[in-house]
2 protein chains.
Amino acid sequence: MTEPKMPDAAATTEPAKKHSRSGKSHATIYDIAKVAGVNPSTVSRALSKPGRVSAKTQKLIEDAAAELNYQVNPFARALPTGRTNTFGLIVADITNPTFFDIIRGAETTATLRDYTLVLAESAESGVTELTAARRMMATVDGLILASPRMDDDDIRAIARDKPVVVINREVDGVPCVVPDVNKGISEAVRSLAANGHHKVAFVAGPPQSWMSARRWEGVQAACEWSRLEAVRLESAKPTVDGGRQVARDVRASGATAVLTYNDLLAIGLMQELQAAGMVVPDQISIVGFDDIFGADFTTPPLTTVRSPLGECGSGAATLLLDLLHDDLPRSAGEPAPTLRVETELVLRGSSGRLLPAG
Amino acid sequence: MTEPKMPDAAATTEPAKKHSRSGKSHATIYDIAKVAGVNPSTVSRALSKPGRVSAKTQKLIEDAAAELNYQVNPFARALPTGRTNTFGLIVADITNPTFFDIIRGAETTATLRDYTLVLAESAESGVTELTAARRMMATVDGLILASPRMDDDDIRAIARDKPVVVINREVDGVPCVVPDVNKGISEAVRSLAANGHHKVAFVAGPPQSWMSARRWEGVQAACEWSRLEAVRLESAKPTVDGGRQVARDVRASGATAVLTYNDLLAIGLMQELQAAGMVVPDQISIVGFDDIFGADFTTPPLTTVRSPLGECGSGAATLLLDLLHDDLPRSAGEPAPTLRVETELVLRGSSGRLLPAG
DNA sequence: CGGCATTTGTCAACCGGTTGCCAAAAATTG
DNA sequence: CAATTTTTGGCAACCGGTTGACAAATGCCG
């Protein structure tokens, strides 16, 4: 658009220069130094150490750089400094929409602060995750682990090498971003109690999921407070399919309201129950977690305890970047900073008053 | 897991070594050379040029490397070679589930072939996209553009610097992966015709979208073939919200069946029409495109023309990687390779026979 | 066993920046 | 205006690999 037009004679004369690395390639600080009539190291300083060179030389160099359309070579810079302006994000499952918003939040923040986001997936496996993390270590300045499946010790081991921020889990000694489930859950349970429910089931997520444990605890506590009975059911996978499979158990449990570990389970469960002729919410109330994309596509739309996923992603990225830039001075004894974000009930149509059986 | 246990005395004695780059840091080829008693360049060859050194030395070096837990420094390697084992993927909108599957497909293939995926978003803007692409250029070996919004010339300009593969669009001279809309569309239109529809509306996507143009062409052609009347409506944004907004126009058009540029539009449209009391599919049939995550969450579940998005992502990655490795020898005159994938109708509940108004 | 073709390993230059150290230049001070 | 402090720019080493050129070592042959 606004780039200076340059003679493109080369394009017409040469037949098929295939992505050649040679040729006019890219300008280096040496080229700039030559044009500006200074030493390469001065160029380096002018470009990365603000204030280290005089305003006059600075301008000289900047002009030369602009003229030559200079761009630093990230590798050449990374080699001596070790910094790459890149951080990694590892998610448990790319197809799980829970992570979409996290990815987006992290990506946005990264771009904003001139960082690049590298993405990897662990396929819900602790060992794959560890492998991915190790692979990344070499190329990134820091790492964000979203709902990690590896154990605390592995995480801490990684955190010893490079700054790490964990999302959706608390790991001692590692900065974390966690939604505080209590507010959202108590809102949800109170709403159920007010609608005449007495027994609620919680469909749990993966056993290694820290978040699943927290949610179950929250549900138990809130039910106790509201004097409701709470039962726990297990799911095979935290997916739509897993939700369908658990429908049997839900019906057998006799609960009139169900909270599921996540929205995917809730959606699958609702589909299966409806297919079996049950009316939601007249005969059973369903409440999910996360408020993922698509949670309001269902009929009735899904009531859910929203986690501000995008906020988690951007919060984690901000935390990590601050850590990297030492904007967050940490003394030795101080515990790792933890960012807590609020959850809230999003009341839609899948929960409500129980109709007397007729 | 299977790593050799090593004394971790350092961990206990030193108080808070903060991610120090120094210290034991990482082994280099020089360390290996010392241990193995050979020259560093021999180590380099042993590790990257198979067959260049004798089996004996090879083993010697490999053992030393294993002992020292050596990992190449990607930057040191990238500096002289220019290769980074990394490629970029730029999508128009990270929150759009269309791209989820593409991202996943690309990520999977990347990991499989020992590449790293770098992700960026263009926020549906051609200039942001160009900026992101330029930013990436320096750090990646190649680029995948999913549903790019910039113009052909910009894309070709980028493709001149680094290998580029485009998804969901055809650009002359650039390798592309495009779903062939015809099969899916003709199936859809035939199904509509068979169900007694006479007038179908097509809700278009963004004006710059190549895919939207192709789909409209496909719909026109198929309608002509089936002797249906086709009208085109415009949408403000290719989102759920955009779908809601276009509901007015749809009703005003008098069409009894609607195809929308994508599933998001279809879902929004269906929500709005249902909210206004219309029954889908009895009074109006709705057909989307892509078969995104959540398309079957709606009631009735959405009929849609499926694009194999994951296949597009992995196909593009494979194509790119083959290009990078010169596995696809291209002579000068030969056109850029294009991968066409099939689309098909996924018949669900949102389309069907028109009931006589009663 | 000498002569020649092949392997195999070494040397040294290079990729493109960064940075500690030092001296020249400029600014400040008495 | 000389003495001293502060800026500013240059030199050179370094980050950790890769690679072309070349020589030493080895294998093969007659």
Side-chain angles (χ1 to χ4, degrees), chain A residues 19-62 64-65 68-86 137-141, chain B residues 19-62 64-65 68-86 137-141:
Chain A
H19 315 299
S20 75
R21 180 173 154 57
S22 53
K24 55 131 58 149
S25 186
H26 276 178
T28 73
I29 55 169
Y30 295 91
D31 301 330
I32 298 180
K34 208 164 293 171
V35 171
V38 297
N39 189 283
S41 59
T42 305
V43 176
S44 173
R45 291 200 178 95
L47 264 29
S48 48
K49 299 259 189 320
R52 181 64 217 302
V53 305
S54 68
K56 201 167 66 232
T57 342
Q58 180 81 29
K59 172 124 180 45
L60 209 60
I61 290 171
E62 274 170 4
L68 295 174
N69 199 265
Y70 171 78
Q71 295 181 215
V72 294
N73 178 326
F75 307 112
R77 174 171 287 176
L79 192 44
T81 61
R83 289 183 310 93
T84 66
N85 265 42
T86 283
M137 292 298 279
T139 49
V140 300
D141 292 344
Chain B
H19 314 299
S20 75
R21 180 173 155 56
S22 54
K24 56 146 28 163
S25 187
H26 276 178
T28 71
I29 56 169
Y30 295 91
D31 301 328
I32 298 180
K34 208 164 294 171
V35 171
V38 298
N39 188 284
S41 58
T42 306
V43 176
S44 173
R45 290 204 174 91
L47 265 26
S48 48
K49 299 258 189 320
R52 181 55 176 50
V53 305
S54 67
K56 201 166 67 238
T57 340
Q58 179 83 30
K59 171 128 181 43
L60 209 60
I61 289 172
E62 275 171 5
L68 295 175
N69 198 265
Y70 171 78
Q71 295 181 216
V72 294
N73 179 326
F75 308 111
R77 173 171 287 177
L79 191 44
T81 62
R83 289 183 310 93
T84 66
N85 266 43
T86 285
M137 292 298 279
T139 49
V140 300
D141 292 345

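Letters A, B, ... mirror the listed sequences (proteins, then strands); counts begin at 1. Heavy-atom basis, side chains included; hydrogens, waters and symmetry copies ignored.
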Side-chain N or O of [X] versus OP1/OP2 of [N]: is the shortest distance under 4.0 Å?
{"X": "B:Lys49", "N": "D:dT18", "answer": "no"}
{"X": "A:Tyr30", "N": "C:dC14", "answer": "no"}
{"X": "A:Ser48", "N": "C:dT18", "answer": "yes"}
{"X": "B:Ser54", "N": "C:dG9", "answer": "yes"}

Q.
Using a 4.0 Å cut-off on heavy atoms, which residues in residues 37-45 of chain A reach DNA chain D? List them by number, or say none.
A.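 DNA chain D contact set from residues 37-45 of chain A: A:Val38, A:Asn39, A:Ser41, A:Thr42, A:Arg45.
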What's the shortest heavy-atom distance between [X] and [Y], and which atoms?
{"X": "A:Val53", "Y": "A:Arg45", "result": "CG1-CB, 4.0 Å"}
{"X": "A:Phe75", "Y": "B:Ala138", "result": "CE1-O, 3.4 Å"}
{"X": "B:Val35", "Y": "B:Ala64", "result": "CG1-CB, 3.7 Å"}

Once you round it to whole Å, what is the distance between [atom2] of [N] and [atom1] of [X]?
{"X": "B:Leu47", "N": "D:dG17", "atom1": "CG", "atom2": "P", "value": "9 Å"}
{"X": "B:Lys56", "N": "D:dT26", "atom1": "NZ", "atom2": "C1'", "value": "10 Å"}
{"X": "A:Gln58", "N": "D:dT8", "atom1": "CD", "atom2": "C1'", "value": "12 Å"}
{"X": "A:Arg77", "N": "D:dG16", "atom1": "CZ", "atom2": "C1'", "value": "18 Å"}
{"X": "B:Arg83", "N": "C:dG16", "atom1": "CZ", "atom2": "C1'", "value": "18 Å"}
{"X": "A:Lys34", "N": "C:dG16", "atom1": "NZ", "atom2": "P", "value": "12 Å"}
{"X": "B:Leu79", "N": "D:dT19", "atom1": "CG", "atom2": "P", "value": "12 Å"}
{"X": "B:Ile29", "N": "D:dG16", "atom1": "CD1", "atom2": "P", "value": "10 Å"}

Any heavy-atom pair between the side chains of [Y] and [X] that's under 4.5 Å?
{"X": "B:Leu79", "Y": "A:Asn73", "answer": "yes"}
{"X": "A:Ile61", "Y": "A:Leu47", "answer": "yes"}
{"X": "A:Val43", "Y": "A:Tyr30", "answer": "no"}
{"X": "A:Thr84", "Y": "A:Thr139", "answer": "no"}

Q. Which of the following nucleotides, D:dG9, D:dG16, C:dG9, is nearest to the side chain of B:Thr57?
A.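 When the side chain of B:Thr57 is considered, C:dG9 is the closest of D:dG9, D:dG16, C:dG9.
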Q) If each of A:Arg52 and A:Thr28 is mapped to the nucleotide of DNA chain C with the nearest heavy atom, which maps nearer the 5' terminus, i.e. the 5' end? A) A:Thr28
